[in-house]
Protein chains: 2
Amino acid sequence: MSLRHALLALVAVQPMTGYDLTKHFERSVSYVWHAPHSQIYPELRKLEKAGLVSARAETRGESGTKRTYSITPDGLEELVAWVEQPTGRGPVRDAFRLKATYFEYGSFENARRQFQAHLDYFGEECRKWEAHVSQIERRETVLIEKRLSATPDELHEAVVAYKVHAYRGLIDQARAEVRWARRGLALVDTLEAAHGADGAEAPSAGRAGTRSGPEAGSGRLREGSVP
Amino acid sequence: MSLRHALLALVAVQPMTGYDLTKHFERSVSYVWHAPHSQIYPELRKLEKAGLVSARAETRGESGTKRTYSITPDGLEELVAWVEQPTGRGPVRDAFRLKATYFEYGSFENARRQFQAHLDYFGEECRKWEAHVSQIERRETVLIEKRLSATPDELHEAVVAYKVHAYRGLIDQARAEVRWARRGLALVDTLEAAHGADGAEAPSAGRAGTRSGPEAGSGRLREGSVP
DNA sequence: ACAGCCATGTAAGTCGTTACATGATTGC
DNA sequence: GCAATCATGTAACGACTTACATGGCTGT
């Protein structure tokens with residue numbers, strides 16, 4: 001149920017069209033909550049039906065219509081209620097860490113590639129987020145400016161500080177991932193060295209002889225290079 | 001597509017029933033990839049249809065049947081292929097950080113409660129994961145023991161080390177969250193002190209007078225205590 | 001015989017992904 | 001006039017959630 005509240009928070013700043021929403025969404029919210037436009041347009045209709053936003057339709061060219069959404073009092077109430085509610089943890093789903101648990105099924109080379117890609121990815125994200133944070137700190141984004149101009153002065157600091165803090169948390173996470181990936185690369189080196197010292201050549205825990213019976217008759221794994 | 005591979009990795013250790021799978025899943029995999037049994041049972045059927053596992057059905061009492069699943073050579077191949085494949089990043093969806101971005105809509109008290117809950121949660125998780133890691137390091141879990149007994153000696157270290165490393169990453173994340181939440185609490189104190197110094201009493205950015213027109217006619221926010 | 005956990009499912013509905021589809025505007 | 005991008009959608013499908021349903025086994 002977070003998509004709707006993210007949208008409410010955006011329209012709360014100023015009335016916007018679906019397209020504006022998706023753009024602002026991509027450039028801010030999507031760092032912490034992903035959603036494509038194909039989800040956003042229908043969700044806006046739902047919000048309208050629920051009376052949390054109101055839409056003003058204008059024609060666009062011959063046949064098109066453009067809807068500008070504004071938040072309603074109910075919508076604002078819903079937004080505040082959401083913020084005040086205890087937040088349930090979403091289910092964990094981390095494909096990379098899952099796979100990292102089973103790297104012994106692949107080659108050392110593969111593990112290295114994977115950790116390196118992880119490293120590159122989070123290094124890159126980190127830079128993006130840092131840029132975003134300093135933009136917020138300087139109050140340079142369109143939405144922040146608008147938001148502040150409609151908020152009493154004594155709350156300006158809080159508005160900015162909460163956002164900065166949230167995104168800093170993201171940066172911390174990214175840095176932790178980078179460090180973890182580096183340690184992963186070091187680990188692969190260590191394992192490979194230890195393995196090479198034994199004289200074997202390519203490592204892989206896969207390719208078992210199959211025991212299709214249900215009994216745990218010690219299936220035997222053998223080494224084999226992974227193609 | 002990670003659920004199926006997680007299941008493959010589990011049945012690769014030894015033949016198991018659906019129930020065993022869900023139990024082992026809960027006690028290991030679910031730290032990084034959540035799935036309830038209602039997802040696991042059907043997925044096993046799919047894996048069977050795809051020829052990646054084979055099932056041996058036994059009767060259980062009058063009418064029940066118990067299926068014991070074993071991995072097939074195709075299944076093992078699929079598992080290895082998955083490990084070797086580049087790993088796509090899943091979409092981000094972090095409800096808490098999203099909400100933390102908008103804490104100015106709630107009270108200071110609320111922000112504190114939320115950060116504190118976050119802190120407690122990850123502190124707790126952290127302890128669980130640490131226990132799990134040291135269990136793996138000591139090679140004391142049933143699955144690890146079984147796994148090692150069917151793996152050539154020179155790979156034992158890798159099997160253990162990759163898992164330990166993966167879960168250590170999880171612990172790092174949890175610790176980062178704890179630190180972040182603590183900084184969050186400190187931030188709330190600072191903001192509240194600054195706010196209190198201005199003489200106002202309860203903070204909230206919500207409750208706008210509604211401007212339902214599409215034009216951005218400077219809607220006016222006023223302070224108000226949040227009920 | 002009853003409680004409590006073991007064990008195996010099904011079903012409805014929501015959420016999210018991916019791909020397709022189409023017309024409008026703007027700048028060159 | 002054409003390309004790019006602005007702008008707004010729909011549709012099919014798969015993943016996931018939540019709740020329901022049922023029967024077996026074990027100890028008291």
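Every chain is numbered from 1, with letters handed out A, B, ... down the list of sequences.
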Hey, does the side chain of [X] come within less than 4.0 Å of [N]'s phosphate (OP1/OP2), counting only N and O?
| X | N | result |
| --- | --- | --- |
| A:His37 | D:dC6 | no |
| B:Arg93 | C:dG16 | yes |
| B:Arg45 | C:dG9 | yes |
| B:Tyr41 | C:dT8 | yes |
| A:Tyr19 | D:dT8 | no |
| B:Lys66 | C:dG9 | no |

Please classify the nucleic acid contact of [X] as base, sugar-phosphate, or nothing, using heavy-atom distances under 4.0 Å.
| X | answer |
| --- | --- |
| B:Thr22 | nothing |
| B:Lys23 | nothing |
| A:Gly18 | sugar-phosphate |

Worksheet item: Is it true that B:Glu58 and B:Lys66 make a salt bridge, defined as a side-chain N closer than 4.0 Å to a carboxylate O?
Response: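 No salt bridge links B:Glu58 with B:Lys66.
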Worksheet item: Is any side-chain N of the basic residue among A:Arg127 and A:Glu124 closer than 4.0 Å to the acidic one's carboxylate O?
Response: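 Yes, this pair counts.
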Worksheet item: Between C:dC6 atom P and B:Arg67 atom CZ, what is the distance in whole Å?
Response: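 So the two atoms are 22 Å apart, to the nearest Å.
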Discussion item. Rounded to whole Å, how long is the line connecting atom CD of A:Gln39 with atom C1' of D:dC13?
Written reply: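 Between C1' of D:dC13 and CD of A:Gln39: 14 Å.
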Practice prompt. Over 60° means perpendicular and under 30° means parallel, so classify the ring planes of B:Tyr102 and B:Tyr105, tilted if in between.
Written response: tilted
